[in-house]
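Keep in mind the model is a prediction, meaning the values are calculated, not measured. Order of the sequence lines sets the chain letters (A, B, ...), proteins ahead of strands, with each chain counted from 1.
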2 protein chains.
Amino acid sequence: MGNEDNTAAGAKSGSMRVAVVGLGSMGMGAATSCVAAGLTTYGIDPRDSACEAFVEAGGAGAASDGRDFAGDLDAVILLTVNAAQCRDALFGEKGLAAHLKAGTPVMVSATISVADAKAIAAELEAAGLTMLDAPVSGGAARAAAGEMTVMAAGPAAVFDQLQPVLDAVAGKVYRISEKIGDGATVKIIHQLLAGVHIAAGAEAMALAAKANIPLETMYDVVTNAAGNSWMFENRMRHVVDGDYTPTSMVDIFVKDLGLVTETGLSMKFPLPLATTAYSMFATASNAGYGQWDDSAVIKVFPGIDLPDSGKH
Amino acid sequence: MGNEDNTAAGAKSGSMRVAVVGLGSMGMGAATSCVAAGLTTYGIDPRDSACEAFVEAGGAGAASDGRDFAGDLDAVILLTVNAAQCRDALFGEKGLAAHLKAGTPVMVSATISVADAKAIAAELEAAGLTMLDAPVSGGAARAAAGEMTVMAAGPAAVFDQLQPVLDAVAGKVYRISEKIGDGATVKIIHQLLAGVHIAAGAEAMALAAKANIPLETMYDVVTNAAGNSWMFENRMRHVVDGDYTPTSMVDIFVKDLGLVTETGLSMKFPLPLATTAYSMFATASNAGYGQWDDSAVIKVFPGIDLPDSGKH
């Protein structure tokens, strides 16, 4: 990469300079969408392979340490796995926050708790930076197409600062409110549904297996009737195929339904289905399926014969 | 109605003669779909108003007692609420079974247990009649359009006998197997998903209300993201509108998730989410919401402000 290249690219397009932190399935999609939209885009990820792939895909540069180019950036998007990684990227040993220009907006798009969203916003403010509480949904395919759903909260001025980035990565942007934390809340409630739907799909398919109903038939009936869900249609296909190659892992829902459960506890609000689904994912993880596709939550039901391609 | 009309109609079209038992939202749709397909169609329902409405809609006749025309019938469809009503229609005081021609096929489309499906099949066989175990899904609108989803099990010969009826009422027919009871099982597993999805939608919207997230926004986000389900999109609209006019009632899911729970018990199979959802619907029913729209399961969450149109 190097500064000469960076300057050249910036000069050519006169475009915004943005860094995407976390080049996983969602982050890589968001980063390449920024490239496609003509933004000068950097990637930050500890994995050399991800950095190389992004530079090949048109990134202006990519590294595990973003401090070299932090001062040139007009915006940062965080698409890390959790709040600890967000904090590390901003305030850790190689943290960007101390090196960004004053007033640079940081779009926090990881799924994190309301308390973490508020705490990170306060730390960014103390560093002279602004934040959009902006979780995303949609899966890897929609991220790659620049069509993520963004559920965002924050001051109108920060939405305006980030408009070119939102245009690049999002198919739909919800402005929930001006209140940091509301984006996190909406995402957590969304994950409640996503997680319960995967676990319910697994429970239904497990019962079908127990009752000797062909799983292909059961899948076909449900996906053509009122019992269908986005997650049933997407994830129970993996169960029918016996292919647990992860699109999203069991441990992601241990984390996300954990956030849901903590949210209920912090509000003293009962969440009978979400806490039950959390236990199912936590059981699957402890049984050794944490890194398998999240549809492997069906493994909590013993004593049934399921299709098995051997892939996971 | 009268025998002259019946004979005339049969002679005119040379068509099959079919009776639909239970002129509720699904039964009326199936009956008018049979009329639209040119079948000579009778209705059987204890309510005069339903019978009158069906005759106005082109029915060849309708009454609370079908024994007068039973001997002319080529097929019977049962779309009653439960197994007790099926039994009463076939084997009760005004029961049809003793008056049908030998070999007449009976399509049992109510949602009933596997044990009831098998028992009714045995009783029909003893009476010289055949049965298709053929639950349906799709809601009132698709029933009215002749586009129900039928999940059926039974001998191939009975499928053949009922083909004109299936063509009239169904958009899609699944031939699960030849084994009576498999249709009931598939429907029960479908209802597991439908019921859990409504209860999960209610839990999510209740948490949104508790967290002061506008419900319209929450609904909009979910229906455009991976957390969506057919039931969320259909039923949580009622919560956003505060309109609990029943399309399907809470007590229907007390019954259907009760069947799911009994199925789990009979197979000694754990159903953590379904049994939790059953408790939510049973709680709502005991709190006085049994006859409200099934989205009123959200009333099990106290201490939140929900939209209220006053309708139920």
Side-chain angles (χ1 to χ4, degrees), chain A residues 114 137-139 149 151 171-172 174 176-177 182 185-186 188-194 196-197 199-201 203-208 210-214 217-218 220-222 224-232 234 260 263-264 267 269-274 276-277 279-280 300-301 303-304, chain B residues 114 137-139 149 151 171-172 174 176-177 182 185-186 188-194 196-197 199-201 203-208 210-214 217-218 220-222 224-232 234 260 263-264 267 269-274 276-277 279-280 300-301 303-304:
Chain A
V114 174
S137 175
T149 296
M151 40 205 98
K172 193 138 192 169
Y174 291 97
I176 311 293
S177 75
D182 278 0
T185 299
V186 167
I188 285 166
I189 295 172
H190 177 273
Q191 292 308 90
L192 182 164
L193 289 161
V196 169
H197 291 171
E203 184 168 308
M205 292 299 257
L207 181 56
K210 178 73 177 179
N212 295 313
I213 302 297
T217 304
M218 196 69 230
D220 201 15
V221 170
V222 170
N224 283 284
N228 198 22
S229 70
W230 194 101
M231 281 296 184
F232 184 94
N234 189 273
V260 173
T263 301
M267 293 185 178
F269 198 74
L271 300 172
L273 291 167
T276 302
S279 292
M280 294 165 73
V300 303
F301 296 95
I304 52 174
Chain B
V114 175
S137 176
T149 296
M151 41 204 98
K172 193 138 192 169
Y174 291 97
I176 311 293
S177 75
D182 278 0
T185 298
V186 167
I188 285 167
I189 295 173
H190 177 273
Q191 292 308 89
L192 182 164
L193 288 162
V196 170
H197 291 170
E203 183 169 307
M205 292 300 256
L207 180 56
K210 178 73 176 180
N212 294 313
I213 301 295
T217 304
M218 195 70 230
D220 202 14
V221 170
V222 170
N224 282 284
N228 198 22
S229 71
W230 194 100
M231 280 297 183
F232 184 94
N234 189 273
V260 173
T263 301
M267 293 186 178
F269 199 74
L271 300 172
L273 291 167
T276 302
S279 291
M280 293 165 74
V300 302
F301 296 96
I304 52 174

Fill in the blank from the handout: Residues A:Met267 and B:Lys210: closest non-hydrogen pair is O-CE, 3.6 Å

Fill in the blank from the handout: Counting heavy-atom pairs under 4.5 angstrom with chain A, the leader among B:Pro270, B:Ala204, B:Ser229, B:Pro272 is B:Pro272

Completion exercise
Between the CE atom in B:Met205 and the CG atom in A:Leu192, the distance rounded to the nearest 0.5 Å is 12.0 Å

Handout entry: Side-chain heavy-atom pair A:Ile176, B:Val221 within 4.5 angstrom cut-off
Key = yes

Practice task
Please identify each residue that fulfils side chain to side chain contact (heavy atoms under 4.5 Å, CB included) with B:Leu273, with sequence neighbours left out.
Solution key: A:Ala199, A:Ala200, A:Glu203, A:Leu273, A:Thr276, A:Ala277, A:Met280, B:Val196

Exercise for the section: Please flag which part of A:Leu207 lies under 4.5 Å from any non-hydrogen atom of chain B: side chain, backbone, both or neither. Expected result: both

Problem - Proximal component of A:Ile189, with respect to chain B [non-hydrogen, under 4.5 Å] - result: both

Completion exercise
With chain B, the option among A:Ile213, A:Thr217, A:Thr149 that has the most non-hydrogen atom pairs under 4.5 Å is A:Ile213

Practice task
Measure distances from A:Asp220 to the heavy atoms of chain B and classify the residue's part below 4.5 Å as side chain, backbone, both or neither.
Solution key: both

Fill in the blank from the handout: Most contact-rich option vs chain A, by heavy-atom pairs under 4.5 angstrom, among B:Asn228, B:Val260, B:Val300, is B:Asn228

Fill in the blank from the handout: Those residues at least two apart in sequence (or on a different chain) that pass side chain to side chain contact (heavy atoms under 4.5 Å, CB included) with A:Ala226 are B:Ser137, B:His190, B:Trp230, B:Met231

Problem - Top of B:Ala206, B:Ser279, B:Gly171 for chain A proximity - count of heavy-atom pairs under 4.5 angstrom - result: B:Ala206

Problem - Side chain, backbone, both or neither of A:Ile304 within contact of chain B (heavy atoms, under 4.5 Å) - result: side chain

